[in-house]
There are 2 protein chains.
Amino acid sequence: MKNKEVKDIKVPMKEHFGNYMVPVRDALEIFSGKWKIPIITALTFYETCGFKEMERIIEGITPKMLSKELKFLEENLLIVRKVEDTRPITVSYSITEYGKTCKSVMSELYSWGTEHRKKVFNIEGQVWDECK
Amino acid sequence: MKNKEVKDIKVPMKEHFGNYMVPVRDALEIFSGKWKIPIITALTFYETCGFKEMERIIEGITPKMLSKELKFLEENLLIVRKVEDTRPITVSYSITEYGKTCKSVMSELYSWGTEHRKKVFNIEGQVWDECK
DNA sequence: GATAGTGGTATCCAAAAGTATAGTGGTATG
DNA sequence: CATACCACTATACTTTTGGATACCACTATC
């Protein structure tokens, strides 16, 4: 470090980004994991579903995971659970108006992800079958 | 199911959303986990850092995780690693032009997350200290 | 020659996330 | 009254993620 200008000392991130990271983490907590986006997407499309119905729609999910994630999404006000007084009693899960605001994030993820796939794999399309 | 109209049968999601889910997952793979966003953010701010420098900036990260995530981000073309011919040799990590496109996703996550925090916790601000 | 700084790797461990499988209690249906 | 559908829960297990600690080779400084 002789004939180089003195490097500016870089401070730990909290001093710059403490306030920035927290909401980003909050958002990520909602959207990450294997099943949350499929559930939100299904309910965005169908508006309302029963439990077993979702088990069939979201292929591969186990009742344990479905139950857990539905609780999580309900706690976060994105969906509502309603017990219907039918015979036999059924339970309906619906997306809330607030839940629909997820669309903006998901479409951003979608378009960035699409470009990323092109960039990294040089893939333009028509190869979806290979991706499970 | 007597005096109710016949429910439309809801088909498994792949038929509707197979093509939708894949890029969303791709994007999420980049941004989820504990350290990727802090690393991207640090390099977006400082442009270039050395390895030990990043260990100090990103508080709490272990060299193992840092090394692993840097490799991942490099493979995904978001950052570049360059060995500088100095004494002692140093290594510089920089964000790429492409890496800067992450900003759009992160700012979407930030603004949704900020609204979400208000909605769910009725928190407007000034309580950041409680969140580590 | 001890110490410190550079850029990491190796090994072991704990916690979190997710899977597999079975079972529960209720209500219909044949 | 056996079977099946509904909405789950319970238990055990595997996989993934991340953390703790130690260590390596190299160079420079004291």
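In this text the structure is predicted, and so the values were computed from the model without any measurement. All values below come from the heavy atoms of this structure, side chains included, with hydrogens, waters and symmetry mates left out.
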Participant: With the threshold set at 4.0 Å, does a side-chain nitrogen-carboxylate oxygen contact exist between B:Lys10 and B:Glu15?
Facilitator: no

Participant: Find the distance A:Leu66:CG to D:dT9:P and express it as a whole number of Å.
Facilitator: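 Whole-Å distance recorded here is 10 Å.
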
Participant: Measure from the ring center of B:Phe31 to the ring center of A:Phe31 and say whether it is less than 6.0 Å.
Facilitator: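 Centroid distance B:Phe31-A:Phe31: not below 6.0 Å, so no.
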
Participant: Please state how far atom CD1 in A:Ile57 lies from atom P in D:dC6, giving the value in whole angstrom units.
Facilitator: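 So the CD1-P distance, A:Ile57 to D:dC6, works out to 12 Å.
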
Participant: Using a 4.0 Å heavy-atom cut-off, does A:Gly60 contact any base of the nucleic acid, only the sugar-phosphate backbone, or nothing at all?
Facilitator: nothing

Participant: Side chain of A:Met65: nearest nucleotide among C:dT19, D:dG18, D:dA20?
Facilitator: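 The closest nucleotide is C:dT19.
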
Participant: Output a table of donor-acceptor pairs, distance under 3.5 Å, between side-chain atoms of residues 67-80 of chain B and any protein atom two or more places apart or on a different chain; print 'none' if there are none.
Facilitator:
{"from": "B:Asn76", "atom 1": "OD1", "to": "A:His116", "atom 2": "NE2", "distance (Å)": "2.9"}
{"from": "B:Asn76", "atom 1": "ND2", "to": "B:Phe72", "atom 2": "O", "distance (Å)": "2.9"}

Participant: Rounding to a whole Å, what distance do you find between A:Asp85:CG and C:dT27:P?
Facilitator: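 Result: 12 Å.
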
Participant: Tell me the closest heavy-atom pair linking B:Pro63 and B:Phe51, and the distance in Å.
Facilitator: O-CZ, 3.7 Å

Participant: Please report, rounded to the nearest Å, how far the P atom of D:dG18 is from the CD1 atom of B:Ile37.
Facilitator: 12 Å

Participant: Between C1' on C:dA17 and NZ on A:Lys36, what's the gap in Å once rounded to a whole number?
Facilitator: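 Result: 9 Å.
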
Participant: Starting at the 5' end of nucleotides 4-11 of chain C, put B wherever the base has a protein heavy atom under 4.0 Å, S where only the sugar-phosphate does, and a dash everywhere else.
Facilitator: --BBBB-B

Participant: Locate the shortest heavy-atom distance separating B:Tyr110 from A:Pro23; write the atom from each residue and the value.
Facilitator: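 Minimum heavy-atom separation between B:Tyr110 and A:Pro23: CE1-CG, 3.5 Å.
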
Participant: With the side chain of B:Glu69 defined as its heavy atoms from C-beta on, choose the nearest nucleotide among C:dG18, D:dA28, D:dG18.
Facilitator: D:dG18

Participant: Please confirm whether A:Lys82 makes a cation-pi placement over A:Tyr93, using NZ or CZ under 6.0 Å from the six-membered ring centre and within 45° of the ring normal.
Facilitator: no

Participant: Given atom CD of B:Glu84 and atom C1' of D:dC26, what is their separation to the nearest angstrom?
Facilitator: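 Rounded to whole Å, this separation is 17 Å.
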
Participant: Can you give me the closest heavy-atom contact between B:Trp35 and B:Gly60, atom names plus distance?
Facilitator: CH2-C, 3.7 Å

Participant: In whole angstrom, what separates B:Ile61's CD1 from D:dA20's C1'?
Facilitator: 14 Å

Participant: In whole angstrom, what separates A:Arg87's CZ from C:dT29's C1'?
Facilitator: 16 Å

